[in-house]
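Below is one structure; the comments refer to it alone.
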Amino acid sequence: MTDRYAVIGNPIEQSKSPLIHTAFAEVTGQDLAYTKLLAPLGGFAAAVDAFRAAGGKGMNVTAPFKMDAFAYATELAPSAQMAGAVNALKFVGDTVVAENFDGVGLVRDVVNNLKCPLQGRRVLILGAGGATRGALLPLLSQGPAELVIVNRTVAKAQALQSLAQQHHTGAVPIRALGYDELAGQTFDVVFNATSASLTAELPPLPATVFAPACLAYELAYGKGLTPFLKLAQQAGAGHLADGVGMLAEQAAEAFAWWRGVRPDTAAVIQKLNVPLV
Ligand code: ATR
């Protein structure tokens, strides 16, 4: 029998997850159907209950339901606990297991696809919202020389710094700064995990932060050359990337978790890639 999966959100029309998972199912020969599920605001639990009652095996969760999924789960993986949000669910009898694969997807894209090892590198991450929170432990697990979190509201960067320090078992120095404290500092990898690109805004970032061979990585996907990437390009950053690979990699992690087989992501990344111009 065909196993059923879905991505749930509101809005949901924009989601690429059905395309990605259907492609993965084809190449791995898995018998599954993956659809979009629009739930009304306040209607997350009822929609998931109905999907499970109809035999649904798992779900991806997107905005605005990542916290609802956190509350709905009966077992939270450490990644979901650390991120404070859930992006994948697996239904096993009465158990609802919850994961968050965004952070590990980001790291896999950078290290495996973009061939940019993070070990020993100076890493800067812009923003102190949910995207940064989910990325912290996966980034730290790579053993960078340091991890600096910069945010307009410095207190939020400091809160994430303490959270990361509590959970990180290694010895990577973690700092929290305001943008005006970045003068004179350079980084090998700079991640934009703010929501600024969604409104074509530019965080107040000095162009001097990009080291010559630097990777500038925009976590948002499909926005072309965002103001952040343009700044990095003008500053001579060696490599620019957006979040298409992160999107594909987090999906592959979920697929492997559900189905026990890990699909290759290259074809999906190529298909979804939007040129950075
Ligand atoms: P997400 O879950 O996508 O991370 P979020 O939790 O709303 O979204 O966090 C958005 C992040 O983008 C915050 O760190 C925010 O900075 P503040 O905490 O100071 O508000 C950051 N952000 C949004 N617009 C920005 C801009 N124009 N410049 C710099 N940072 C911005």
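Quantities reported herein were computed from a predicted structural model and do not represent experimental measurements. Counting from 1, the numbers follow the sequence of the chain as shown. Note that ligands are numbered from 1 as they come in the structure, with each ligand's atoms numbered from 1 the same way.
Judged purely by atom type and a 3.5 angstrom limit, Asp242 has no side-chain atom pairing as donor or acceptor with the backbone of Glu218. Distance alone, capped at 3.5 Å, is enough to place a donor-acceptor pair between the Asn60 side chain and the Asn87 backbone.
Proximity of Lys156 to ligand 1, defined as any heavy-atom pair under 4.0 Å, is confined to the side chain (atoms from C-beta onward). By the criterion of a heavy-atom distance under 4.0 Å, both the backbone and the side chain of Thr153 are placed next to ligand 1.
What sits closest to atom 23 (C) of ligand 1 on the protein, heavy atoms only, is Ser195 OG, 3.3 Å. The protein heavy atom nearest to atom 1 (P) of ligand 1 is Gly130 N, 3.7 Å. For atom 25 (C) of ligand 1, the nearest protein heavy atom (residue, atom name, distance) is Arg152 NH1, 3.2 Å. In terms of protein heavy-atom proximity, atom 21 (C) of ligand 1 is closest to Thr194 CB, 3.7 Å.
Ligand-side atoms of ligand 1 in range of Ala131: 1 (P), 2 (O), 4 (O), range being under 4.0 angstrom from any heavy atom. Ligand 1 places these atoms under 4.0 Å from at least one heavy atom of Ala128: 14 (O). Atoms of ligand 1 found under 4.0 Å from any heavy atom of Glu201, numbered from 1 in the order shown, are 27 (N). Atom numbering of ligand 1 starts at 1 in the shown order; those under 4.0 Å from a heavy atom of Gly127 are 14 (O).
Glu253 has a carboxylate O that lies under 4.0 Å from a charged side-chain N of Arg262, or vice versa, which qualifies the two as a salt bridge.
Using the six-membered ring where Trp is involved, Phe210 and Phe228 have ring planes that are tilted, between 30° and 60° apart.
The OH atom of Tyr72 lies 4.0 Å from the CZ atom of Arg52; values are rounded to the nearest 0.5 Å.
For ligand 1, none of its N or O atoms has an N or O atom of Leu202 under 3.5 Å away.
Within the 4.0 angstrom cut-off, atom 17 (P) of ligand 1 has one or more protein heavy-atom neighbours.
At a cut-off of 3.5 Å, with distance as the only test, a side-chain donor of Ser197 or Asn192 sits close to an acceptor on the other residue.
Of the listed residues (Leu106, Leu126, Leu124), just one forms a side chain to side chain contact (heavy atoms under 4.5 Å, CB included) with Phe191, and that residue is Leu106.
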